[in-house]
Amino acid sequence: MSHTIRDKQKLKARTSKIQGQVVALNKMLDEPHECSAVLQQIAAIRGAVNGLMREVIKGHLTDHLVHEEDVSKREADLDVVLNVLNAYVK
């Protein structure tokens with residue numbers, strides 16, 4: 001079973017939180033708010049997305065690298081993670 005399916009409830013809870021934070025940010029932009037409040041909301045969203053990314057990467061590394069016996073599959077999955085991280089931290 002895929003780690004994203006096994007951890008579905010936990011991951012969906014994180015995405016729901018992110019969705020709520022984005023909706024709140026959208027509402028903030030419709031009304032007068034201090035820039036600092038908007039910036040704090042953006043930072044909270046970024047933190048929540050980073051937490052989601054961390055959880056999915058942790059599951060991927062554990063399932064596809066640590067427990068994978070096939071060396072070629074491990075190497076391919078490592079490439080996937082490295083490419084995603086490179087794109088994510090740009």
Side-chain angles (χ1 to χ4, degrees):
M1 174 186 298
S2 167
H3 60 95
T4 54
I5 297 299
R6 185 182 61 240
D7 299 333
K8 177 172 78 170
Q9 290 306 109
K10 181 171 58 171
L11 297 175
K12 287 186 76 167
R14 285 181 176 268
T15 59
S16 291
K17 178 182 177 184
I18 293 165
Q19 185 176 22
Q21 290 172 318
V22 170
V23 167
L25 175 61
N26 209 16
K27 287 180 183 178
M28 289 176 81
L29 296 173
D30 285 335
E31 303 167 359
H33 279 87
E34 292 292 324
C35 290
S36 61
V38 173
L39 291 169
Q40 286 177 326
Q41 187 66 16
I42 294 168
I45 293 167
R46 182 174 186 223
V49 170
N50 286 345
L52 175 62
M53 178 66 86
R54 184 176 53 249
E55 286 300 311
V56 175
I57 286 176
K58 184 172 96 175
H60 185 83
L61 292 175
T62 301
D63 284 8
H64 299 286
L65 296 174
V66 173
H67 295 141
E68 177 57 61
E69 295 180 15
D70 185 321
V71 173
S72 64
K73 284 184 180 179
R74 279 198 316 251
E75 289 173 354
D77 282 326
L78 177 59
D79 285 341
V80 167
V81 171
L82 293 176
N83 287 332
V84 168
L85 286 175
N86 283 335
Y88 190 73
V89 296
K90 276 187 180 182

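Residue-environment remark: CD (Glu69) stays at or below the threshold of 12 foreign heavy atoms within 6.0 Å.
Shown here for Leu25 and Val38, the closest heavy-atom pair between the two residues is CD1-CG1, 3.9 Å. The heavy-atom pair separating Gln21 from Ile45 by the smallest distance is CB-CG1, 3.5 Å.
With values rounded to the nearest 0.5 angstrom, Asn26 atom CG is found 10.5 Å from Glu31 atom CD. A distance of 6.0 Å separates CZ in Arg54 from CZ in Arg14, rounded to the nearest 0.5 Å. Here Gln19 contributes atom CD and Lys12 contributes atom NZ; the two are 10.5 Å apart, rounded to the nearest 0.5 Å.
For Ser16, the side chain to side chain donor-acceptor pair (under 3.5 Å) test picks out no residue, with sequence neighbours left out. With sequence neighbours excluded, no residue forms a side chain to side chain contact (heavy atoms under 4.5 Å, CB included) with Leu39.
With hydrogens and angles disregarded, a donor-acceptor distance shorter than 3.5 Å links the side chain of His33 to the backbone of Met28.
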Ignoring hydrogens and angles, write down the donor-acceptor pairs under 3.5 Å from the side chains of residues 81-90, residues two or more places apart or on other chains.
residue : atom : partner : partner atom : Å
Asn83   : ND2  : Asp79   : O            : 3.2
Asn86   : ND2  : Leu82   : O            : 3.3
Tyr88   : OH   : Asn50   : OD1          : 2.3

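When each of Asp63, Asp70, Leu65 is paired with Asp77, the side chain to side chain contact (heavy atoms under 4.5 Å, CB included) condition holds for Leu65 and for no other.
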